[in-house]
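Each remark here refers to the structure printed beneath this line.
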Amino acid sequence: MEIKTFHGFEDFCVEKFENTDEWYYGIYPTWMSNVEVAEECGKGREYAGSKLCFFNKTGRSYEPIKQEKNVYLETPVYDKASNSFGILRYDFNKRILQAIAYKPDEESVEVIEEISLSEIDDLMNIRLIESPFMIVRNSMEENAIEFLAPKRKIYLEENESIEFVENEKMYSSKWNEDLLDVLDYGYGEEVIVRDLETGKILERYKGYLNRMPDGTAWLMTE
């Protein structure tokens, strides 16, 4: 068995991306959220900063964004179409949130969106989706998905959450207990396809989506 050695990563827990088997990532530390770091920095305490590294199955490691004090990096997402990674970067020194695109083939790092933290009411449930990369927030109170740049909302059904965007369509999953069959248990999940601009429902399927390592999504339905 071949053993690939990565020096200097003894504190890292390597995680898989769901839509590629070429790349892996690790973040350290892992025990604080963006909200908790914001609270600590707001009290004048110092956060050492997130360290984010990417690992290729060839045995190479990459650290495109260097660790900085009071800067929190969110779990990255991978976009197969552009072979790039999207990263949310919270800079509590400058009070900004950035969406960053990292392309390993070009070794390029680009800020694709920047928002002042003063414009964001709540830091909970903020994430980056693809494709292309977009900053969104799941508003549990309003049953809505809020796009932070530019700001707009699409109202969802109860227990519905966004999965990804593809070809101007938004794919989401919904847990629906009404679909459960007491006799055979069944599976109470639906896939909802909406128009990205208007939020109008275009299609609805009983079943679920699987993101695959080759970048495709499998719709498991009736």
Side-chain angles (χ1 to χ4, degrees), residues 13-27 30 33 52 54-58 74-88 99 101-105 124-148 152-222:
C13 180
V14 177
E15 304 283 352
K16 292 179 63 177
F17 290 96
E18 63 180 357
N19 54 342
T20 178
D21 57 5
E22 296 282 334
W23 291 94
Y24 301 80
Y25 72 93
I27 298 180
T30 59
S33 68
L52 169 65
F54 296 93
F55 305 91
N56 188 272
K57 70 177 186 180
T58 60
E74 193 60 81
T75 300
V77 296
Y78 177 70
D79 179 32
K80 187 81 170 182
S82 59
N83 189 32
S84 61
F85 300 95
I87 307 152
L88 285 182
Y102 165 55
K103 295 185 176 182
D105 289 346
M124 287 192 68
N125 299 316
I126 292 177
R127 56 186 283 221
L128 202 62
I129 62 169
E130 89 290 344
S131 164
F133 296 122
M134 289 177 278
I135 308 174
V136 300
R137 176 180 173 269
N138 285 343
S139 175
M140 310 301 289
E141 306 84 6
E142 298 181 281
N143 280 332
I145 187 76
E146 180 181 358
F147 294 81
L148 298 188
R152 63 189 181 90
K153 289 182 182 179
I154 291 179
Y155 289 92
L156 308 176
E157 297 180 0
E158 188 175 2
N159 298 322
E160 181 186 354
S161 59
I162 188 171
E163 296 290 337
F164 59 88
V165 169
E166 182 76 19
N167 296 327
E168 300 301 318
K169 295 179 181 179
M170 187 181 84
Y171 291 78
S172 60
S173 60
K174 176 187 176 180
W175 179 254
N176 187 345
E177 291 188 0
D178 293 337
L179 294 178
L180 293 175
D181 189 317
V182 177
L183 296 178
D184 64 9
Y185 298 101
Y187 195 79
E189 192 168 345
E190 289 181 293
V191 174
I192 298 176
V193 185
R194 295 177 180 269
D195 182 276
L196 180 61
E197 186 64 31
T198 65
K200 179 182 177 182
I201 295 178
L202 304 175
E203 300 168 277
R204 184 191 295 263
Y205 303 93
K206 181 180 177 182
Y208 61 96
L209 286 164
N210 260 344
R211 306 292 300 276
M212 306 306 291
D214 63 357
T216 63
W218 291 7
L219 173 61
M220 314 304 289
T221 187
E222 296 176 304

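Small disclaimer: the values here were computed from a predicted structure and weren't measured. Just the heavy atoms: all of them, side chains too, but no hydrogens, waters or symmetry mates, feed the values below.
- Listed by first and then second residue, the salt bridge (Lys or Arg N to Asp or Glu O under 4.0 Å) pairs involving residues 208-220 are E18-R211, E130-R211 (not counting sequence neighbours).
- One N or O on the side chain of R137 and one on the backbone of M124 form a donor-acceptor pair closer than 3.5 Å.
- For E157, the side-chain contact (heavy atoms from CB on, under 4.5 Å) partners are E160, K174, I192, R194, I201, R204, not counting sequence neighbours.
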Begin with the C-alpha distance, continue with both residues' side-chain angles, and end with the deciding distance and a verdict on side-chain hydrogen bond (donor to acceptor under 3.5 Å, both in side chains) for S173 and E163. CA-CA 7 Å; S173 60; E163 296 290 337; 2.7 Å; yes
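- Shown here is K16, whose NZ atom has no more than 12 heavy atoms of other residues, nucleotides or ligands within 6.0 Å.
- For the pair P104 and S84, the tightest heavy-atom approach, listed with the atom from each and the gap, is CD-CA, 4.5 Å.
- Shown here for L209 and F164, the closest heavy-atom pair between the two residues is CD1-CE2, 3.9 Å.
- Taking both residues in full, the closest heavy atoms of G207 and V191 are given as O-CG2, 3.8 Å, listed atom of the first, atom of the second, then distance.
- The 12-atom threshold is exceeded at CE of M212, counting heavy atoms of other residues, nucleotides or ligands nearer than 6.0 Å.
- Aromatic ring centres of F85 and Y25 lie farther apart than the 6.0 Å criterion allows.
- Nearest heavy-atom pair, G199 versus I154, reported as atom, atom and distance to 0.1 Å: CA-CG2, 3.7 Å.
- Side chain of N19 to backbone of Y78: a donor-acceptor contact under 3.5 angstrom is found.
- Between D21 and K57, the shortest heavy-atom contact is O-CD, 3.7 Å.
- Y24 and F17 have their aromatic ring centers separated by at least 6.0 angstrom.
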Pair S139-E141, side-chain hydrogen bond (donor to acceptor under 3.5 Å, both in side chains): steps then yes or no: CA-CA 5 Å; S139 175; E141 306 84 6; 3.2 Å; yes
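- Looking at every heavy atom in both residues, K206 comes nearest to T221 through O-OG1, 2.7 Å.
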